[in-house]
Amino acid sequence: MTDTRRRVKVYTLNEDRQWDDRGTGHVSSCYVERLKGMSLLVRAESDGSLLLESKINPNTAYQKQQVVFLNPFLLCTTSSSALWKWKGELFAICKDTLIVWSEAENYDLALSFQEKAGCDEIWEKICQVQGKDPSVDITQDLVDESEEERFDDMSSPGLELPSCELSRLEEIAELVASSLPSPLRREKLALALENEGYIKKLLEIFHVCEDLENIEGLHHLYEIIKGIFLLNRTALFEVMFSEECIMDVIGCLEYDPSLSQSRKHREFLTKTAKFKEVIPISDPELKQKIHQTYRVQYIQDMVLPTPSVFEENMLSTLHSFIFFNKVEIVGMLQEDEKFLTDLFAQLTDEATDEEKRQELVNFLKEFCAFSQTLQPQNRDAFFKTLSNMGILPALEVILGMDDAQVRSAATDIFSYLVEYNPSMVREFVMQEAQQNDDDILLINLIIEHMICDTDPELGGAVLLMGLLRTLVDPENMLATANKTEKTEFLGFFYKHCMHVLTAPLLANTTEDKPSKDDFQTAQLLALILELLTFCVEHHTYHIKNYIINKDILRRVLVLMASKHAFLALCALRFKRKIIGLKDEFYNRYIMKSFLFEPVVKAFLNNGSRYNLMNSAIIEMFEFIRVEDIKSLTAHVIENYWKALEDVDYVQTFKGLKLRFEQQRERQDNPKLDSMRSILRNHRYRRDARTLEDEEEMWFNTDEDDMEDGEAVVPPSDKTKNDEDIMDPISKFMERKKLKESEEKEVLLKTNLSGRQSPSFKLSFSSGTKSNLTSQSSASNLPGSPGSPGSPGSPGSPGSVSKSTSQMAAITTKGGLVGLVDYPDDDEEDDEDEDKEETLPLSKKAKLESS
């Protein structure tokens with residue numbers, strides 16, 4: 001069984017003065033040779049990795065603190081600076097389960113123990129190393145003090161406060177100020193204030209000072225109350241924020257000595273700020289909690305001066321107090337079914353007047369905002385309650401109203417729901433589509449609000465576009481055995497909603513340029529294009545069918561003529577995303593409608609300017625070239641080459657032309673392409689070193705360098721892979737035009753001889769060698785020595801022309817013609833022919849096998 005006594009969470013304090021959870025593990029203390037001292041070690045419970053290795057230094061101040069379990073999933077410290085998340089049980093007691101210390105000037109650490117026994121055990125080890133009594137809560141004072149003062153503080157039972165009198169306010173203020181730097185003195189001061197009911201006595205003196213207009217006394221009280229806030233004690237806050245004391249505390253904080261005149265905070269809270277009950281709250285405890293939270297929030301935001309870097313950490317318990325109050329308020333409202341039922345009934349009631357409805361919506365918005373303080377488990381229950389109460393139908397009614405403020409608040413509420421659970425929203429809109437017309441569907445109302453946003457910067461439209469993007473994102477859609485949310489929802493969206501989204505785009509692109517090209521319209525169209533681009537990337541046949549059937553791309557490219565560069569770039573990005581899919585359906589659609597024309601026109605209109613438009617267009621054509629999209633390459637060169645051929649500062653378009661010519665070459669010579677296909681097959685691949693050796697032999701060695709008696713084996717007898725074969729073929733094609741007449745002469749003579757070329761079979765061994773075998777003897781090659789009846793053979797009158805002796809025509813079984821040119825002089829060819837005639841057959845066989 002796992003030892004839970006030493007189970008801890010490790011925390012570090014970040015730059016924002018918030019605690020970061022570094023993981024859960026088990027702590028131990030042992031001697032570490034590398035650190036040369038006793039150290040604290042924490043190893044992760046998941047994989048045993050080292051989470052913490054910290055030497056216990058004799059002069060480091062370690063502090064043991066109380067942790068108050070206020071919530072099953074939250075706990076806060078009574079004297080430290082943050083909230084800790086811990087999945088524990090709900091406790092109503094306080095436990096010393098936290099040890100905090102500083103490793104360096106800006107590096108604070110904390111260990112939060114699951115059990116008090118484990119905390120006490122480690123605390124004893126720390127105190128043993130430092131020679132301290134384990135009963136203390138802090139091993140060192142954080143300020144430089146003399147040994148006598150430190151001893152006095154450790155040995156004295158408590159702090160004795162001066163009597164609470166008007167004449168001793170200055171003395172009290174000095175005592176409070178002097179205690180703040182020392183954690184031990186702060187602790188003792190806080191205990192003294194709690195035990196003696198000192199705060200209420202101070203507030204009584206406050207009334208006396210105000211009646212006497214004793215400004216000096218009021219200034220001292222300001223410093224005292226401010227110092228009490230910095231003690232960071234929940235028990236003191238409970239007293240100060242009680243119904244009878246809170247307004248007097250705020251009154252004390254009105255008299256800041258640094259200001260020439262006092263502030264009127266109490267006047268604002270009692271006369272200006274009005275509490276509105278949109279729905280009557282019957283629970284007095286809930287009502288009191290709402291009042292208290294509002295006033296404490298006001299103190300934090302408006303009354304207390306902005307804390308310094310050193311004081312900021314001292315107000316963490318105040319933040320926690322507000323936080324937990326909000327959690328309690330949400331929980332109490334959520335449990336009041338009558339309250340929520342009345343709320344939603346009045347929201348959807350047509351008889352509710354506009355002012356009342358606005359108040360109801362604002363309340364619901366604030367209610368949802370408070371829910372963000374809940375832990376995930378409690379937030380799930382909260383939104384499930386709202387869903388059961390009918391929040392989505394209520395929002396549908398509210399969004400259809402004319403009041404802009406009400407619609408804006410409803411949009412904020414909708415954003416909370418989408419961020420929390422988009423599947424819940426999708427399920428609702430698909431169900432309502434079976435009953436309502438497209439015009440009043442919730443998503444269509446959202447789209448209409450986005451289109452009709454009156455903000456010049458389209459702040460609301462940007463928010464709504466983000467929500468739509470979340471809803472149509474397949475990544476957060478569920479797929480179960482019985483239903484696929486992606487298929488169902490996307491089918492619904494493209495059928496019922498997409499036409500509403502694209503309506504402004506289609507209305508503005510009926511001609512060759514945008515009919516409206518003002519800044520706000522351009523921004524809106526850019527937002528729509530951004531969502532459509534997202535759909536192209538993440539949706540499949542739905543968006544493809546919509547684009548092709550509605551001719552969307554052609555309409556989008558009209559925006560390339562916009563005077564707003566950002567909109568033209570959005571249109572270009574949309575097309576680039578389509579081309580990037582390399583989908584032939586899209587490619588045929590682009591070619592059929594000549595949809596490169598607006599892009600080429602924009603490129604030419606941009607001129608020689610080196611800007612984003614220029615780079616983006618060149619990148620698109622470069623992508624087509626690099627990816628070798630054959631259909632688009634041919635289309636661009638055939639239709640737009642004359643416009644682009646003069647662009648020479650990049651090689652993109654010349655590279656496209658070269659690609660196009662290679663394609664045409666393969667089309668005009670399909671047999672060459674067939675050879676390339678055969679040789680590309682993996683069965684015929686050989687070792688790269690063999691390829692290099694053969695390339696050296698057949699393409700870089702002259703016949704003069706060969707030894708006497710060696711036969712010249714044509715390169716076509718050797719098998720090449722795709723890359724090796726390209727170079728000689730290209731060289732051959734370049735020389736082909738110069739020798740066309742001689743080839744015709746050879747072929748004519750061959751046909752006149754009345755003989756068919758023998759059929760050959762290419763066979764390749766599994767190693768690095770290749771053999772050429774034939775159905776007839778190698779001596780029967782047309783034009784080769786010893787071939788009966790062929791020109792130039794001993795039994796044939798006359799001789800073949802010199803150019804003919806430089807080529808060999810080989811017909812394979814697959815109809816493959818291998819043409820190899822030997823560019824050596826005539827005399828060398830004649831000499832080699834003579835040598836080859838006398839070469840023994842055994843020698844030839846040996847050469848063929850090598």
Side-chain angles (χ1 to χ4, degrees), residues 2-32 34-35 37-57 60-89 91 95-126 129-130 137-140 142 183 232 309 312-317 319-320 323 373 375-377:
T2 305
D3 183 10
T4 59
R5 285 187 310 154
R6 295 196 174 193
R7 189 168 183 260
V8 296
K9 275 187 174 289
V10 180
Y11 293 91
T12 58
L13 195 65
N14 61 28
E15 295 177 353
D16 298 326
R17 310 303 298 171
Q18 299 295 322
W19 289 100
D20 293 332
D21 185 353
R22 295 301 183 187
T24 304
H26 292 85
V27 65
S28 62
S29 62
C30 61
Y31 184 85
V32 176
R34 183 175 61 83
L35 299 178
M38 291 294 292
S39 304
L40 296 177
L41 304 180
V42 179
R43 294 195 176 274
E45 64 179 0
S46 57
D47 56 7
S49 60
L50 196 62
L51 295 178
L52 176 69
E53 184 181 57
S54 174
K55 180 181 177 181
I56 303 175
N57 291 310
T60 299
Y62 291 85
Q63 186 176 4
K64 185 166 68 168
Q65 298 179 351
Q66 278 190 347
V67 181
V68 185
F69 288 74
L70 299 177
N71 183 282
F73 298 92
L74 288 172
L75 50 103
C76 73
T77 65
T78 57
S79 58
S80 189
S81 57
L83 297 174
W84 275 263
K85 298 177 183 176
W86 185 282
K87 293 186 178 179
E89 299 295 328
F91 293 101
K95 301 198 298 181
D96 292 326
T97 58
L98 195 69
I99 298 177
V100 182
W101 73 98
S102 296
E103 286 279 304
E105 185 175 352
N106 293 315
Y107 189 63
D108 294 347
L109 289 163
L111 292 180
S112 184
F113 290 77
Q114 181 169 345
E115 294 189 9
K116 184 177 184 296
C119 182
D120 291 342
E121 187 177 337
I122 296 299
W123 183 250
E124 287 181 10
K125 296 284 187 183
I126 294 172
V129 172
Q130 294 197 341
D137 289 335
I138 185 167
T139 61
Q140 306 282 340
L142 299 182
N232 214 28
V309 175
E312 185 177 8
N313 209 29
M314 297 180 177
L315 293 175
S316 59
T317 308
H319 303 322
S320 303
F323 176 87
T373 62
Q375 289 298 296
Q377 180 175 321

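Values below: every heavy atom of this structure, side chains too, minus hydrogens, waters and symmetry copies. Quick note: residue numbers are just sequence positions, from 1.
The distance from the CG atom of Asn57 to the OG atom of Ser102 is 12.0 Å, given to the nearest 0.5 Å. Interatomic distance, CZ of Arg7 versus OG of Ser112, reported as 10.5 Å (0.5 Å rounding). To the nearest 0.5 angstrom, Trp101 atom CH2 is 4.0 Å from Leu111 atom CG. Distance check, rounded to the nearest 0.5 Å: OG of Ser28 to CD of Glu121 gives 10.0 Å. To the nearest 0.5 Å, the span separating OG on Ser39 from CD on Glu53 amounts to 6.0 Å.
Taking every heavy atom of both residues into account, Ala110 and Val100 meet most closely at CB-CG2, 4.1 Å. Between Gly37 and Lys55, the shortest heavy-atom contact is CA-CE, 4.0 Å. Heavy-atom minimum distance, Arg43 versus Gly48: NH1-O, 3.4 Å. Taking both residues in full, the closest heavy atoms of Gly23 and Leu51 are given as C-CD1, 3.9 Å, listed atom of the first, atom of the second, then distance. Residues Gln63 and Pro183 come closest through the heavy atom pair NE2-CB, 4.3 Å.
For Ser54, the side chain to side chain donor-acceptor pair (under 3.5 Å) criterion is met by Glu103, not counting sequence neighbours. For Thr12, the side chain to side chain contact (heavy atoms under 4.5 Å, CB included) partners are Asp20, Arg22, Tyr107, Leu109, not counting sequence neighbours. Taking Ser46 as the reference, nothing meets the side chain to side chain donor-acceptor pair (under 3.5 Å) condition, with sequence neighbours excluded.
Contact of the Glu45 side chain with the His26 side chain is registered, since non-hydrogen atoms from C-beta on lie closer than 4.5 Å. In this structure, Leu40 and Ile99 have side chains that are not in contact, with every pair of non-hydrogen atoms separated by 4.5 Å or more. Residues Ile56 and Tyr62 have side chains in contact (heavy-atom distance under 4.5 Å, counting atoms from C-beta outward). Side-chain contact between Lys9 and Asp21 is present, with at least one heavy-atom pair separated by less than 4.5 Å.
Lys125 contributes no side-chain N or O that, together with a main-chain N or O of Ser29, makes up a donor-acceptor pair within less than 3.5 Å.
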**Q.** Trace of the side-chain contact (heavy atoms from CB on, under 4.5 Å) decision for Phe113 with Asp120
**A.** CA-CA 10 Å; Phe113 290 77; Asp120 291 342; over 6 Å; no
